[in-house]
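Accompanying notes for the structure given below.
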Number of protein chains: 2
Amino acid sequence: MSEIISLVNELERKNIKVTQQRRIILGILNNNKGEHLSARDIYTLGKDIDDSIGLSTVYRTLNLLRDVGIIAEYHFDKEFAKYELSCQKEQDIHHHLICKNCGKIIEVENYLPGHFKDEIYDKNQFICQEFSLKVSGLCKECQQLFSEEKTS
Amino acid sequence: MSEIISLVNELERKNIKVTQQRRIILGILNNNKGEHLSARDIYTLGKDIDDSIGLSTVYRTLNLLRDVGIIAEYHFDKEFAKYELSCQKEQDIHHHLICKNCGKIIEVENYLPGHFKDEIYDKNQFICQEFSLKVSGLCKECQQLFSEEKTS
DNA sequence: CTATGTGCAAACCATTTGCGAACCC
DNA sequence: GGGTTCGCAAATGGTTTGCACATAG
C-alpha cells in the first residue's frame, strides 16, 4: 500500500500539516477502501494503532479531509455520517442502493451518461466536483419476505 | 388547491387516521411544493394555523409520511433533514446541485436515462422506489468569486 | 519558536421518547 | 369506549467546541 504516500503528499501540497493522527486516519481509510466507515469505526480502529487518539480529533480530521476533497461523506437514511476515500479514477465512481427494509447498502457501477457533467455545466453553469446517486427500495431478500407475508 | 384532498384520501386508503394536525402538515407541504422545509419550518408555519401544535407531533407525522412514501426526506450537507412532497409524476422528478461554497441548492431536471430503473433491477434484483442525485460543486456566482480572488 | 493540532470533558442541538390527557372512528 | 395520537418536557446521541498542553515545521 504505497498509495498512502500519495495521500500524504496531497496534504503537503495543500499546506496541511501531516501529523501522526492524520497519517493514522488516512491509513485506516486506505486499508478499508470500499467500506463505509463511521467516525466511531475509525476511532476504534485508530485506538488499536495509537491508544491515545481522541474522538474529537477523528471528527476534526474527517471534516478537514472532506473539505479538501480527499474523502467523501455520505448520509444514508437517518444514520450518522459514513466516510470513504474519494474516487480518484472515473471508473471507480459508484452509487448506492439502500434497502428501505433491512438497511443493506449495495454498491453499483455508475449508470450516468458520461456527458452529464457537461450537460449540468451547459444548462446551469454549475461545476460538478462530485456526485452521488442514492436509490431507495427493496433488496432481493426483502422482496421475498414481503411476498411470503402476503401468502401466509 | 384541491390536491390536498387526494393526499388525505391517500392516508385513508392506507388506514392511517386523518387528524387535524396531519391535515395541517399536509396542507403546509402542499402549499410549499418545490421548497425544502425543515421540521422546524413546518412547526413554525403550523403554529400560525393552530398554536397548540407540538414539535414532536411534527416529527412523528413527518416520519409517518416518509415511511408511507408521501413525502421525501433529504439530507443536504451536514444540515438537518428537509422534506417535500414526493413526486407523483415521472416528469416532476428532479435532482439537486449543492454549492460547496455558499450552500445554495439548485433544482435541475432528471438527467437519468429512463431505463435506469430496469437496469438496476436486471443487474441487482433491486426494486427502485425512489432515487435522488446529489451533485456537489461550485455555482456560477461562487466560481466568479474564486476567480476574482486569484486575480487580486 | 510559534502557529497549529490534540485530548478531554462539557456543550450543542436536531430528533426521539415516556407519559398522562385529548381525540378520532 | 378503546385504542391511537397529541403536547410537553426530559432524554438521547452523534457531533462540535473551549481550553490547556503537545507537536510539526
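Convention: sequence-line order gives letters A, B, ...; per-chain numbering from 1.
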How is A/Ser52 classified with respect to the nucleic acid when contacts are heavy atoms under 4.0 Å: base, sugar-phosphate, or nothing?
sugar-phosphate
Could you walk me through whether B/Asn63 and B/Arg66 pass the side-chain hydrogen bond (donor to acceptor under 3.5 Å, both in side chains) check?
CA-CA 5 Å; B/Asn63 287 345; B/Arg66 165 182 32 82; 2.6 Å; yes
For the ring pair A/His96 and A/Tyr74, is the centre-to-centre distance below 6.0 Å?
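Close enough - the centres of the two rings lie under 6.0 Å apart.
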Please find the pair of heavy atoms, one from B/Ala81 and one from B/His75, that lie closest to each other, and give the distance.
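Minimum heavy-atom contact is CB-CE1, 3.8 Å.
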Grab the [atom1]-[atom2] distance between [X] and [N] for me, whole Å please.
{"X": "B/Leu62", "N": "C/dT15", "atom1": "CG", "atom2": "P", "answer": "9 Å"}
{"X": "A/His75", "N": "C/dA14", "atom1": "NE2", "atom2": "P", "answer": "15 Å"}
{"X": "B/Ile24", "N": "C/dC24", "atom1": "CD1", "atom2": "P", "answer": "11 Å"}
{"X": "A/Gln20", "N": "D/dA24", "atom1": "CD", "atom2": "P", "answer": "8 Å"}
{"X": "B/Ile42", "N": "C/dT15", "atom1": "CD1", "atom2": "P", "answer": "11 Å"}
{"X": "A/Phe80", "N": "D/dT16", "atom1": "CZ", "atom2": "P", "answer": "14 Å"}
{"X": "B/Ile53", "N": "C/dA22", "atom1": "CD1", "atom2": "C1'", "answer": "15 Å"}
{"X": "A/Arg66", "N": "D/dT15", "atom1": "CZ", "atom2": "P", "answer": "11 Å"}

Of the listed nucleotides (D/dG25, D/dT15, D/dT17), which one gets closest to any side-chain atom of A/Arg60?
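So the side chain of A/Arg60 is nearest to D/dT17.
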Closest listed nucleotide, where the reference is the side chain of B/Lys17 and the choices are C/dT6, C/dC24, C/dC19:
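That would be C/dC24.
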Can you tell me whether the side chain of [X] and the base of [N] have a donor-acceptor pair closer than 3.5 Å?
{"X": "A/Ser56", "N": "C/dC8", "answer": "yes"}
{"X": "A/Arg40", "N": "D/dG13", "answer": "no"}
{"X": "B/Thr19", "N": "D/dC6", "answer": "no"}

Of B/Arg22 and B/Tyr43, whose nearest nucleotide on DNA chain D comes first from the 5' end?
B/Arg22
Is the phosphate of C/dT15 approached by B/Asn63 (side-chain N or O, under 4.0 Å from OP1 or OP2)?
no
Under 4.0 angstrom between B/Tyr59 side-chain N/O and C/dT16 OP1 or OP2
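False: B/Tyr59 side-chain N/O out of range (4.0 Å or more) of C/dT16 OP1/OP2.
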Closest-nucleotide ordering on DNA chain C, the 5'-leading residue of A/Ile16 and B/Gln21
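Whichever sits nearer the 5' end wins; that is A/Ile16.
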With ring pair (Phe, Tyr, Trp, His ring centres under 6.0 Å) as the test, would you mind laying out the steps for B/Phe131 and B/Phe116 before giving the verdict?
CA-CA 11 Å; B/Phe131 58 94; B/Phe116 111 102; 4.8 Å; yes
Do NZ/NE/NH1/NH2 and the carboxylate oxygens of B/Glu109 and A/Lys123 come within less than 4.0 Å?
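Salt bridge present between B/Glu109 and A/Lys123.
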